[in-house]
Colleague: 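The structure under discussion is supplied below as structure tokens; questions concerning it will follow.
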Amino acid sequence: EASLYGVLIAAALIPVSGALIFIGVLFWGWFVGGVVVTAFLFGLIGLAWVFSPLVTGLWLGRWLFRVAHTSRSDFYAMLLGSGLIILTARLLSIIPCLGGIVSWLVYPLSFSLAIGGIVLARRVAHEQALEAVSSGPTAAA
């Protein structure tokens with residue numbers, strides 16, 4: 001489910017960014033609306049791309065620790081999962097003819113899982129908050 005959300009959001013990044021830049025140019029002119037908004041959006045997407053293996057690695061590390069029936073901190077889970085993702089990408093890159101293609105798929109997959117996982121976690125947290133509010137104690141009249 002997280003990968004589906006991630007792919008949909010990644011596909012929507014270009015048209016949404018274009019619309020935000022267009023709106024920025026309309027309201028603030030070509031420099032602030034065009035250049036600054038574009039730089040901000042590219043920076044934001046770039047940071048999400050660079051740090052996505054950490055988010056995906058945290059999920060992977062938590063899952064591995066749960067399967068191994070051990071409890072470790074999130075820091076160790078992130079180190080383990082991110083290390084496995086990076087190691088997988090590097091190992092796949094040395095396979096002749098196939099390695100370049102496969103290793104280039106690891107990072108987009110990590111990006112879509114990270115973005116989708118963040119959206120999914122926010123949705124679940126929002127649903128839990130709504131459920132807590134609706135099932136809370138009612139005031140007697």
Side-chain angles (χ1 to χ4, degrees), residues 1-140:
E1 190 175 2
S3 62
L4 178 62
Y5 279 120
V7 167
L8 291 175
I9 290 169
L13 280 176
I14 293 174
V16 169
S17 296
L20 289 174
I21 293 167
F22 179 73
I23 291 169
V25 169
L26 284 178
F27 282 107
W28 298 298
W30 69 270
F31 182 72
V32 174
V35 175
V36 175
V37 171
T38 302
F40 173 76
L41 290 173
F42 274 109
L44 188 65
I45 294 168
L47 282 173
W49 181 269
V50 168
F51 290 116
S52 67
L54 295 178
V55 176
T56 309
L58 176 62
W59 170 81
L60 180 61
R62 284 179 179 171
W63 180 79
L64 288 172
F65 284 145
R66 194 173 354 164
V67 168
H69 301 293
T70 61
S71 64
R72 298 277 192 260
S73 70
D74 283 345
F75 178 73
Y76 292 118
M78 183 187 64
L79 281 179
L80 175 66
S82 299
L84 285 174
I85 290 170
I86 293 168
L87 183 66
T88 301
R90 296 297 174 229
L91 287 176
L92 290 175
S93 68
I94 61 174
I95 298 172
C97 298
L98 183 64
I101 297 168
V102 174
S103 69
W104 279 96
L105 292 176
V106 170
Y107 291 106
L109 178 65
S110 174
F111 180 75
S112 66
L113 283 172
I115 297 298
I118 290 169
V119 169
L120 192 59
R122 297 270 308 163
R123 189 188 81 184
V124 168
H126 181 69
E127 288 173 355
Q128 289 174 347
L130 287 177
E131 185 177 304
V133 168
S134 65
S135 66
T138 57

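The figures here come from the full heavy-atom set of this structure, side chains too, leaving out hydrogens, waters and symmetry mates. For reference, positions follow the sequence shown, starting with 1.
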Colleague: Could you tell me the separation between the CD1 atom of Ile23 and the CH2 atom of Trp28, rounded to the nearest 0.5 Å?
Modeller: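 Answer rounded to 0.5 Å: 9.0 Å.
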Colleague: Looking only at non-hydrogen atoms, find the nearest pair between Leu60 and Gly81 and report the distance.
Modeller: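 In terms of heavy atoms, the two residues are closest at CD2-O, 3.8 Å.
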Colleague: Identify, with sequence neighbours excluded, every residue that meets side chain to side chain contact (heavy atoms under 4.5 Å, CB included) alongside Gln128.
Modeller: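 By the side chain to side chain contact (heavy atoms under 4.5 Å, CB included) rule, Gln128 matches Val124.
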Colleague: Of all the heavy-atom pairs spanning Ala10 and Phe111, show the shortest one and how long it is.
Modeller: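 Shortest heavy-atom separation between Ala10 and Phe111 comes out as CB-CE2, 4.0 Å.
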Colleague: Should we count CZ of Arg123 as having more than 12 external heavy atoms under 6.0 Å?
Modeller: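 Correct, the count exceeds 12.
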Colleague: Can you see which heavy atom on Met78 is nearest to which on Leu54, and at what distance?
Modeller: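 Minimum heavy-atom separation between Met78 and Leu54: CG-O, 3.6 Å.
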Colleague: Between CD1 of Ile85 and OG1 of Thr56, what distance do you get to the nearest 0.5 Å?
Modeller: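 Ile85 atom CD1 to Thr56 atom OG1 measures 5.0 Å (nearest 0.5 Å).
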Colleague: Stepwise, does the side-chain contact (heavy atoms from CB on, under 4.5 Å) test hold for Ile115 with Tyr5?
Modeller: CA-CA 8 Å; Ile115 297 298; Tyr5 279 120; over 6 Å; no
Colleague: Where do Val37 and Leu20 come nearest, in terms of heavy atoms and distance?
Modeller: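 For Val37 and Leu20, the tightest heavy-atom pair comes out as CG1-O, 4.1 Å.
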Colleague: Please test Leu84 against Leu64 for side-chain contact (heavy atoms from CB on, under 4.5 Å), starting from the C-alpha separation and ending with a verdict.
Modeller: CA-CA 11 Å; Leu84 285 174; Leu64 288 172; 3.3 Å; yes
Colleague: Quick one, Trp49 and Ser110 - any side-chain contact, counting heavy atoms below 4.5 Å?
Modeller: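 They are not in contact (no side-chain heavy atoms under 4.5 Å apart), so the answer is no.
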Colleague: Would you indicate whether Ile14, at its atom CD1, is surrounded by more than 12 heavy atoms from other residues, nucleotides or ligands within a distance under 6.0 Å?
Modeller: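 No - once you tally the heavy atoms of other residues, nucleotides and ligands closer than 6.0 Å, there are 12 at most.
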Colleague: Let's go through Val55 and Trp59 carefully: what are the C-alpha distance in whole Å and the side-chain angles of both, what is the deciding distance for side-chain contact (heavy atoms from CB on, under 4.5 Å) to 0.1 Å, and is it a yes or a no?
Modeller: CA-CA 7 Å; Val55 176; Trp59 170 81; over 6 Å; no
Colleague: Please round to the nearest 0.5 Å and tell me the distance separating atom CG of Leu13 and atom CD1 of Ile9.
Modeller: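 Output value for this atom pair is 8.0 Å.
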Colleague: Calculate, to the nearest 0.5 Å, the distance between atoms OG and CZ belonging to Ser17 and Phe40 respectively.
Modeller: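 Reported value, rounded in 0.5 Å steps: 10.5 Å.
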Colleague: If you round to the nearest 0.5 Å, how far is CZ of Arg62 from OG of Ser73?
Modeller: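 Between Ser73 OG and Arg62 CZ, I get 10.5 Å after rounding to 0.5 Å.
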Colleague: For Ser112 versus Val7, what's the shortest heavy-atom pair and its separation?
Modeller: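 Residues Ser112 and Val7, closest heavy atoms: CB-N, 3.9 Å.
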Colleague: When you measure from the side chain of Ser82 to the backbone N and O of Pro53, does any donor-acceptor pair fall under 3.5 Å?
Modeller: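 Yes; judged by distance alone, with no hydrogens or angles, the pair exists.
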Colleague: Hey, mind stepping through Phe65 and Leu80 against side-chain contact (heavy atoms from CB on, under 4.5 Å) and telling me if it holds?
Modeller: CA-CA 9 Å; Phe65 284 145; Leu80 175 66; 4.0 Å; yes
Colleague: Any pair with a residue in residues 30-58 that passes salt bridge (charged side-chain N to carboxylate O under 4.0 Å, His left out), sequence neighbours left out, goes on the list, sorted by first then second residue, please.
Modeller: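 Qualifying pairs: none.
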